[in-house]
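One structure is given below, encoded as structure tokens.
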Amino acid sequence: MPDIQMAMVTLPASDLARARTFWHDAFGVEPMDSREGADFYVMAGTVVLVYETEFAGTAKNTALSLMTEHLDRDMTELRTHGVTFHDYDLPGLRTVDGVADLDEMRTAWFTDTEGNIIAINEPTSADAREQVRAMRGGVAPA
């Protein structure tokens, strides 16, 4: 079995300077490390690598999910920094004011300046909140 030391999220950017401004303005974070064509951020204990590539914005899936205990508050804060949330009306997924009420989660999606889809989620049941706490602690929920 491999000896994995760390896992990280990797997000593409077609304009690294523009992406850096987005991360600063939307989340209030600065790169913990920068190398030619790449910035490394830490959010909630997770390393996020944002690297420059011509293929940025080509994925149509959620690239990064963030967990919060206060979705409405955090959406309001992100909106003050120019973030626009997606509205969906699809079979099995409908948002109201950018929010989908799923089984045990309220979720909203937005796109960063580089075309990456980011979700922000609020667990709504005690079981879902416990699962998030367990994952943060690195243990499987009971």
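Between T107 and N121, the shortest heavy-atom contact is OG1-OD1, 2.9 Å. Taking every heavy atom of both residues into account, G98 and D87 meet most closely at N-OD1, 2.9 Å. The shortest non-hydrogen separation linking V29 to V42 is CG1-O, 4.4 Å. Nearest approach of L16 to G37, heavy atoms of both residues: CD2-C, 3.5 Å. Between T53 and P12, the closest heavy-atom pair is CG2-CB, 3.3 Å.
The shortest distance between side-chain heavy atoms of D72 and R106 falls below 4.5 Å. A heavy-atom distance below 4.5 Å is found between the side chains of I120 and D74. Contact check for P31 versus F40: no side-chain heavy atoms found under the 4.5 Å cut-off. Residues Q131 and M135 form a side-chain contact, since some pair of their non-hydrogen atoms from C-beta on lies under 4.5 Å apart. At a threshold of 4.5 Å between non-hydrogen side-chain atoms, the residues N61 and I117 do not count as touching. Looking at V48 and M8, their side chains never come closer than 4.5 Å, going by heavy atoms from C-beta outward.
Linking ILVMFWY side-chain heavy atoms closer than 4.5 Å, directly or via other members, places L90 and L102 in a single hydrophobic cluster. F27 and V9 fall within the same hydrophobic cluster, where Ile, Leu, Val, Met, Phe, Trp and Tyr residues are linked whenever their side-chain heavy atoms come under 4.5 Å apart, directly or through other members. L64 and F22 fall within the same hydrophobic cluster, where Ile, Leu, Val, Met, Phe, Trp and Tyr residues are linked whenever their side-chain heavy atoms come under 4.5 Å apart, directly or through other members. Neither V50 nor V47 shares a network with the other; the hydrophobic side chains, linked directly or stepwise wherever heavy atoms of I, L, V, M, F, W or Y lie under 4.5 Å apart, form separate groups for each. In this structure, M75 is a member of the same hydrophobic cluster as L66, with clusters built from ILVMFWY side-chain heavy atoms closer than 4.5 Å.
Separating the CD atom in E69 from the OG1 atom in T124 is a distance of 12.5 Å, to the nearest 0.5 Å. Rounding to the nearest 0.5 angstrom, the gap separating the OG1 atom in T68 from the CD atom in E122 is 6.5 Å. Annotation: the span from D89 atom CG to T95 atom OG1 amounts to 7.5 Å, rounded to 0.5 Å.
Evaluation of the ring-ring contact (aromatic ring centres under 6.0 Å, His included) test over residues 69-101, restricted to residues two or more places apart or in two chains, returns F85-F110, H86-Y88, Y88-W109. Applying the side chain to side chain donor-acceptor pair (under 3.5 Å) definition to pairs two or more places apart or across chains, those involving residues 14-28 are S14-R18, S14-E114, R18-E114, R20-D39, H24-E30.
Shown here is M43, whose CE atom has more than 12 heavy atoms of other residues, nucleotides or ligands within 6.0 Å.
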Apply salt bridge (charged side-chain N to carboxylate O under 4.0 Å, His left out) to residues R129 and D127 and explain how you reach the verdict. CA-CA 5 Å; R129 286 189 296 275; D127 286 345; over 6 Å; no
Quick one: do L71 and V99 satisfy side chain to side chain contact (heavy atoms under 4.5 Å, CB included)? Show the steps, please. CA-CA 9 Å; L71 182 64; V99 178; 3.9 Å; yes
